Amino acid sequence: MSKKILVAVAWPYVNGDIHLGHLAGYLLPADIFARYQRLCGNDVLMVSGSDCHGTPITVEADKKRLSPAEVVEEYHQKDLELFKAIKLDYNLYTKTTTENHKRVVQEIFLDLLKAGYIVKDTMQQYYSAEDQAFLPDRYVEGTCPHCQAKEQRSDQCESCGRWLKDGELINPYSKLTKNKVALKATEHYFLDLASLVPQLQKFVSESKGRWRDWVYKETDGWLKEGLQKRAITRDMDWAIDLPIDEIMKLEPEKQLKDFQGKKIYVWFEAVVGYLSAPQEWVTLDAAKSGIIWKKNPGQSDKWQNWWLNPESEHYYFMGQDNLVFHTLMWPAQLIGSGRGYILPHNVFVNKFMNYDGKKFSKSRNWTIDSMKMVKKYGVDATRYYIAANLPENKEGNFTWEGFVAAVNNELVANLGNFVNRTLKFFEVNFYGELIAENTARLPEIKIESSKAFTESGELIEKGSFVAALEVIMRYAAFANKYFNDQQIWTVIKKDRKQAEKIMFDLLNIIYDLAIIICPFLPESATRIATMLGICENLEEIDRNHWQSETLQQFKLQQPVEILIQKLDAKVVLQEKED
RNA sequence: CGCGGGGUGGAGCAGUGGCAGCUCGUCAGGCUCAUAACCUGAAGGUCAGUAGUUCGAAUCUACUCCCCGCAACCA
């Protein structure tokens with residue numbers, strides 16, 4: 001039965017490079033999950049894109065003396081290249097600056113406004129008369145009223161540690177232009193989360209047991225604390241317009257007094273991408289260049305099959321900073337729209353991945369260039385180490401020592417070596433060709449193989465990717481043991497028939513492995529398939545079940561080559577110097 | 001007392017009431033088909049601390065100590 005699965009990957013913010021933390025947090029897990037679901041035969045739609053609006057973009061643009069659109073384009077292109085290099089298999093990777101996205105955002109805004117879930121309120125914001133602009137708190141500095149320290153942020157004094165209330169800061173000024181700022185009343189739209197609490201409570205309690213326990217608890221904690229209304233408009237330029245014409249057709253109490261400079265707040269709008277991207281996807285075709293676009297064979301071309309189909313399941317992937325936006329805010333938006341959109345089935349939130357014990361930080365130059373890493377050490381080596389250390393329940397830690405050890409001692413020594421020793425033996429002693437007479441696999445191997453598929457599949461479905469990878473590696477270890485115990489190198493000298501039987505099982509284990517590692521290590525999977533002539537590109541293989549298949553004949557298509565290169569510790573540890 | 005997470009052999013983790021497990025590393029032995037890879041065996045933990053509940057606690061309760069995330073327009 002083919003299920004419609006939406007793999008909704010958080011939209012990376014394009015004011016900086018994507019680093020390993022992003023990959024570990026949500027990008028790689030989403031890809032593993034999507035690849036797995038496709039191999040199961042499900043109709044998977046994996047979408048995401050660049051999150052392009054908001055103050056941090058304009059700040060970065062000012063810094064680089066570029067327009068916001070240019071900054072967005074620069075990082076968007078870089079991200080696309082990285083995703084291709086590390087083999088993230090999106091159906092669509094777009095941007096929040098498209099007309100389509102704007103249309104869908106405005107549509108859901110109007111739905112919520114009409115339904116009464118969007119309300120108006122007035123708040124105090126720092127305003128610079130000279131710049132004619134409102135400023136976010138973090139761009140306002142001044143003197144602390146408690147300890148008189150200068151150059152303190154308007155929200156907290158780092159000198160005495162005290163929190164400051166609006167208006168307490170003495171002589172506030174703009175950090176950007178140094179111009180004077182003052183509090184000024186400004187009217188905004190707010191999402192009235194409080195009035196959606198009953199529906200949210202129902203949604204969250206139904207998700208208990210399915211979501212990771214800590215994700216449920218954290219969300220439940222927010223609900224218990226009580227949800228406040230949350231501003232969904234800002235005074236700024238680089239954002240999506242309000243549908244003012246449509247709003248003016250509504251009753252006056254739904255209209256702002258002054259729409260001048262009011263735009264949609266980025267948090268409200270970026271998540272709508274999950275809904276807008278599938279709508280964009282169905283209108284595109286393969287000829288479109290400059291974006292990642294892909295349609296799988298036999299895939300539905302109706303976005304409604306994912307969004308309005310009660311049988312469809314939606315899986316979200318994000319870092320922990322995004323948790324409530326996906327467990328509460330976005331569901332609130334979907335429920336409030338009243339259109340019957342499908343709510344998240346599971347929300348796979350990861351903690352952060354540290355680098356040598358410290359948070360990745362662009363400003364402190366504490367980061368790893370993922371692109372360089374992939375090019376230098378290979379996609380699968382990189383993917384393996386990240387996947388084996390995903391911060392699913394607690395923070396993870398990236399170290400170069402760990403990278404070398406994991407790749408050399410686990411990936412190369414176990415999986416890589418098994419494939420290599422088997423194929424080499426096949427090449428030398430069987431001239432790379434085998435047609436099995438007896439087509440049954442050894443029962444003990446069938447059991448192990450089936451266990452590996454079943455267990456890893458169950459773990460992937462509930463988001464335990466680290467554990468799933470462990471199951472897979474244990475199957476590879478079993479394979480090594482089998483090779484060892486059978487002593488095929490001795491048997492072949494006395495009993496060729498028996499050696500053929502052993503080789504038949506060994507080769508089928510390799511076929512199993514190619515399939516089962518594909519979600520994690522797509523490049524290696526394809527190389528195995530190519531060497532053995534199973535298919536051209538294993539990533540495109542048409543399967544509809546996560547189980548073992550038995551092939552009757554094998555023929556090497558090319559000389560056997562090393563599957564995964566061993567890393568040179570000396571070279572890798574050099575990275576620490578940079 | 002803001003919300004939430006974590007502290008388990010050298011490293012990274014699993015384990016929510018019943019003899020403490022996994023991967024890697026270490027040590028010893030075996031094999032030689034293989035990328036000095038593979039296989040077997042061993043050593044190594046008073047499960048942060050204290051008090052309690054229980055026939056029985058890493059697992060439940062209370063308190064203490066340490067680390068971390070969110071709480072601020074960093075979406």
Side-chain angles (χ1 to χ4, degrees), chain A residues 10-13 15-16 51-57 59 96 123 125-126 134-140 153-156 163-164 166 212-225 230-231 234-236 265-271 318-326 329 351-352 354 357 359 363 388-389 391-397 399 401-402 405-406 408-410 412-414 416-429 464 466-467 469-471 473-474 477 479-492 506 560-567:
Chain A
W11 293 50
Y13 205 60
N15 67 333
D51 180 4
C52 303
H53 296 115
T55 319
I57 305 282
V59 170
T96 56
M123 61 198 291
Q125 288 255 271
Y126 283 106
F134 282 96
L135 284 139
D137 286 346
R138 59 189 304 231
Y139 296 116
V140 174
R153 279 180 14 200
S154 65
D155 49 0
Q156 183 187 19
W163 301 115
L164 306 182
D166 277 352
R212 284 179 190 150
D213 200 42
W214 72 270
V215 172
Y216 169 80
K217 278 189 195 157
E218 182 106 15
T219 304
D220 195 46
W222 277 72
L223 274 175
K224 276 185 191 140
E225 249 183 281
R230 199 176 168 106
R234 292 283 85 182
D235 294 285
M236 79 165 313
Y265 200 169
V266 62
W267 78 259
F268 177 88
E269 159 256 299
V271 285
M318 81 227 58
Q320 60 183 351
D321 50 338
N322 263 329
L323 188 142
V324 287
F325 289 99
H326 291 79
M329 310 298 168
K351 304 244 169 181
F352 287 137
N354 291 326
K359 262 173 93 167
S363 56
N389 290 283
E392 286 165 359
N393 293 302
K394 60 172 78 167
E395 283 187 18
N397 197 26
T399 62
E401 290 88 345
N408 287 354
N409 304 335
E410 297 170 28
V412 172
N414 184 0
N417 184 239
F418 171 71
V419 172
N420 189 240
R421 74 199 290 201
T422 303
L423 292 186
K424 271 273 165 63
F425 198 90
F426 184 47
E427 184 176 46
V428 172
N429 296 288
S464 296
V466 177
L469 186 55
E470 246 176 67
V471 167
M473 294 310 280
R474 224 169 291 148
N480 269 317
K481 181 169 158 52
Y482 179 71
F483 194 113
N484 211 66
D485 292 350
Q486 291 304 313
Q487 297 187 40
I488 189 172
W489 60 90
T490 310
V491 172
I492 195 157
L506 289 170
V560 176
E561 49 186 48
I562 298 279
L563 189 62
I564 299 146
Q565 288 297 337
K566 196 161 176 163
L567 298 175

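For clarity, every value in this text was computed on a predicted model and none was experimentally measured. Hydrogens, waters and symmetry mates are skipped; everything else that's a heavy atom, side chains included, is used. In what follows, chains are A, B, ... by sequence order, proteins preceding strands, each numbered from 1.
Note on A:Asn393: only backbone sugar-phosphate atoms sit closer than 4.0 angstrom, heavy atoms only; bases stay farther off. If you check every strand for non-hydrogen atoms under 4.0 Å, A:Glu410 touches sugar and phosphate atoms only. Using a 4.0 Å heavy-atom criterion, one finds that A:Ala477 contacts the sugar-phosphate atoms exclusively. Within 4.0 Å of A:Ala405, counting heavy atoms only, lies no atom of the nucleic acid at all. Base contact: A:Glu218 has a heavy atom under 4.0 Å from a base atom. As judged by a 4.0 angstrom heavy-atom cut-off over every strand, A:Asn480 is placed among residues touching the sugar-phosphate backbone only.
Neither OP1 nor OP2 of B:A36 sits under 4.0 Å from any side-chain N or O of A:Lys566. For A:Lys217, no side-chain nitrogen or oxygen approaches OP1 or OP2 of B:C3 to under 4.0 Å. Regarding contacts with the backbone of B:A14, a side-chain N or O of A:Lys394 is found under 4.0 angstrom from either OP1 or OP2. Applying the 4.0 Å criterion to OP1 and OP2 of B:A37, one finds that A:Lys424 has every side-chain N and O outside that range.
For A:Asn417, the side-chain atoms get nearest to B:C38 when compared with the rest of B:C33, B:C38, B:C74.
Using a 4.5 Å heavy-atom threshold, the side chains of A:Asn429 and A:Trp489 count as separate.
Of the residues near RNA chain B, A:Phe483 and A:Glu470, the one whose nearest nucleotide (by heavy atom distance) lies more toward the 5' end is A:Glu470. Remark on RNA chain B: of its neighbouring residues A:Asn408 and A:Trp214, the 5'-side contact belongs to A:Trp214, judged by nearest-heavy-atom nucleotide.
Stacking of A:Phe425 onto the six-membered ring of B:C33 is not present when judged by under 5.5 angstrom between centres and under 30° between planes.
Applying the side chain to side chain contact (heavy atoms under 4.5 Å, CB included) test between A:Thr422 and each of A:Ile488, A:Asn480, A:Leu506, A:Asn417 identifies A:Leu506 as the sole match.
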